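Following: one structure in structure tokens, then a few remarks.
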Amino acid sequence: MSMKAPRGTQDILPGISEKWQYIENKLQELSYNYHYQEIRTPIFEHTELFQRGVGDTTDIVQKEMYTFTDKGDRSITLRPEGTASVVRSFVEHKLFGSPNQPTKLFYFGPMFRYERPQQGRMRQFFQYGVEALGSDDPAIDAEVISLAMNAYRVFGLQSLKLVINSLGDKESRENHRQALIDHFTPVKKELCSDCQSRLEQNPLRILDCKKDRDHPKMKTAPSILDYLNEESTAYFAKVKEYLDEMGITYQVDPNLVRGLDYYNHTAFEIMSDAKGFGAITTLSGGGRYNGLVQDLGGPETPGIGFALSMERLLMALEAEGIELPLDQGLDCYIVALGEEAKLKAAAITDQLRLAGVQADRDYQDKKFKAQFKAADRLKAKYVLVLGDDELANQQIAVKNMKTGDQETIDMEQLTQHMKEIL
RNA sequence: GCGAUCGUGGUGAAGUGGUUAACACAUCGGAUUGUGGUUCCGACAUGCGUGGGUUCGAUCCCCAUCGAUCGCCCCA
């Protein structure tokens with residue numbers, strides 16, 4: 001039996017977990033600034049939710065889902081993404097009935113996809129994402145994109161590239177789809193096997209195929225932007241206008257397609273430009289999904305959202321050499337000499353902790369000097385020394401480890417004193 | 001799912017088919033019975049991812065397996 005974590009999973013150990021907490025807190029704060037509220041949905045759902053929500057033709061559903069049958073003979077799937085669950089919950093709990101629309105939600109948690117792992121691609125990975133349901137104002141598209149960008153900017157990341165596109169409404173997509181089929185069918189045999197089946201299932205995705213990238217028909221392929229009807233064109237123009245006004249720079253890429261079936265109108269991706277960033281450059285992605293709520297049994301409700309990967313955010317920070325301003329170091333470490341002092345130290349430590357002071361002490365029966373070394377290693381701001389002398393006088397020595405200054409404090413004033421100097 | 005490279009102590013890492021698996025850092029102990037540094041001395045691998053095979057003998061050769069990294073695919 002292997003005692004290693006399963007392939008594609010990782011332990012987030014002390015030293016790293018602090019970074020995660022910092023990022024989570026910051027993203028939560030940012031979400032509230034945009035007035036999004038947290039939603040927590042189950043980590044597993046009925047398989048059918050993803051088949052219908054994410055789409056049967058997607059790679060996620062076709063080959064990447066963690067699906068199993070539970071003891072009640074239900075087909076269960078570990079969620080591969082967050083949107084389907086959020087929309088399901090929105091419908092199930094009739095959040096569309098709230099007078100406060102749009103419904104603006106954020107979530108955070110693990111997602112699962114059965115893939116070949118490499119750096120920045122795990123089988124269990126963590127996403128932060130938002131969904132805005134109930135508005136088809138282009139301003140909310142811009143808001144979500146702005147939030148997505150700021151989710152990196154708040155950490156000081158610079159090397160970001162925002163790519164946007166419009167997939168149009170249903171009519172535009174239909175027309176474009178037919179144009180793609182007409183365009184590629186004559187050369188069907190020259191395309192890769194994936195694209196041959198895409199031609200029938202989802203011709204749009206031929207456009208971002210890396211294998212057939214150099215095929216002559218690729219360059220002349222009908223662009224979605226030429227097939228947008230008046231309404232879709234106007235919508236996209238408005239989104240861009242909002243972005244311009246907000247000072248958010250972007251690049252329009254007509255080949256940006258996104259892997260999930262539910263997208264329409266606005267689609268976007270944020271990538272890292274940073275050198276030394278791995279082969280995987282996409283940091284986050286999102287888009288509009290106006291038909292999804294209805295597909296999952298709700299009333300006709302527009303929606304837009306995005307999700308980012310925590311792992312890749314961490315990679316981006318690393319690539320740009322950004323150090324997070326983490327609080328580190330213990331408030332105080334209690335050094336005790338002798339049995340009696342040890343006993344007293346336990347009580348003092350306990351008291352300090354209850355009063356809101358971080359405190360720790362030795363449990364390894366270390367020598368005096370070794371206890372000091374431990375305190376130093378733990379970056380303790382203060383060391384409290386308790387020996388025979390102090391014990392006799394009902395006092396304790398408080399040493400500032402940074403300045404080296406030391407003073408003697410009466411035992412009963414210690415907690416108060418520590419709270420003052422910290 | 002396909003292809004390639006790799007897997008030695010807490011960490012970084014050397015090494016060889018044959019008795020004691022370098023070195024460095026970290027850790028622990030001592031020099032220094034109550035103050036963090038430095039220096040010096042000493043200690044520290046259930047044995048080289050796991051399982052099997054070849055061999056008189058394998059950490060080093062072969063096979064399988066697990067895992068990591070990179071590329072493809074795709075994405076977050």
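Just so we're clear, the structure is a prediction, and the values are computed from it rather than from any experiment. Every chain is numbered from 1 and lettered A, B, ... according to where its sequence line falls, protein lines coming before strand lines.
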Sub-3.5 Å pairs of nitrogen or oxygen atoms, protein against nucleotides 25-32 of chain B:
unit_1 : atom_1 : unit_2   : atom_2 : d
B:rU27 : OP1    : A:Arg377 : NH1    : 3.3
B:rC28 : OP1    : A:Arg377 : NH2    : 3.4
B:rG30 : OP1    : A:Lys367 : NZ     : 2.6

Ignoring the backbone of [X], work out which of [options] is nearest its side chain.
X: A:Pro117; options: B:rC74, B:rA68, B:rA76; result: B:rA68
X: A:Gln127; options: B:rU35, B:rA76, B:rC74; result: B:rA76
X: A:Leu337; options: B:rU35, B:rG34, B:rG1; result: B:rG34
X: A:Arg113; options: B:rA76, B:rG71, B:rG7; result: B:rA76
X: A:Arg312; options: B:rU35, B:rA76, B:rC70; result: B:rA76
X: A:Lys4; options: B:rA4, B:rG7, B:rU35; result: B:rG7

Requested in this report: Hey, can you tell me if A:Phe68 and A:Phe44 have their rings parallel, tilted or perpendicular (30° and 60° cut-offs)?
Outcome: perpendicular
Query raised in the report: What is the ring orientation for A:His176 with A:Tyr227, classed by angle as parallel under 30°, tilted 30 to 60°, or perpendicular over 60°?
Result: tilted
Got a donor-acceptor pair under 3.5 Å from the side chain of [X] to the base of [N]?
X: A:Gln371; N: B:rU35; answer: no
X: A:Arg121; N: B:rC74; answer: yes
X: A:Arg7; N: B:rA68; answer: no
X: A:Glu115; N: B:rA76; answer: yes

Query raised in the report: Of A:Thr9 and A:Glu64, whose closest RNA chain B nucleotide lies nearer the 5' terminus?
Result: A:Thr9
Query raised in the report: Want to settle it: does A:Thr403 or A:Pro6 sit nearer the 5' end of RNA chain B, counting the closest nucleotide to each?
Result: A:Thr403
Using a heavy-atom cut-off of 4.0 Å across all strands, would you classify [X] as base, sugar-phosphate, or nothing?
X: A:Met122; answer: base
X: A:Ile60; answer: nothing
X: A:Gly8; answer: sugar-phosphate
X: A:Gly404; answer: base

Report task. Could you list all the side-chain hydrogen bond (donor to acceptor under 3.5 Å, both in side chains) pairs where at least one residue sits in residues 390-401 of chain A, not counting sequence neighbours? Result -> A:Gln395-A:Asp410
Query - Near-strand residues of residues 386-397 of chain A, defined as heavy-atom separation under 4.0 angstrom from RNA chain B - result: A:Gly387, A:Asp388, A:Asp389, A:Glu390
Requested in this report: Starting at the 5' end of RNA chain B, write a dot or bracket for each base, bracketing those in Watson-Crick or G-U wobble pairs whose two distances are under 3.5 Å and using | for partners on another strand.
Outcome: (((((((..(((.....[....))).(((((.......))))).....(((((..]....))))))))))))....
**Report entry** side-chain contact (heavy atoms from CB on, under 4.5 Å) between A:Ile409 and A:Leu384, intermediate numbers included
**Finding:** CA-CA 10 Å; A:Ile409 305 296; A:Leu384 312 187; over 6 Å; no
Distance-only donor-acceptor pairs under 3.5 Å for side chains of residues 128-136 of chain A, two or more places apart:
unit_1   : atom_1 : unit_2   : atom_2 : d
A:Tyr128 : OH     : A:Ser31  : OG     : 2.7
A:Glu131 : OE1    : A:Tyr289 : OH     : 2.5
A:Glu131 : OE2    : A:Thr83  : OG1    : 2.7
A:Ser135 : OG     : A:Asp137 : N      : 3.1

Query raised in the report: Residues in ring pair (Phe, Tyr, Trp, His ring centres under 6.0 Å) with A:Phe368, at least two apart?
Result: A:Phe372
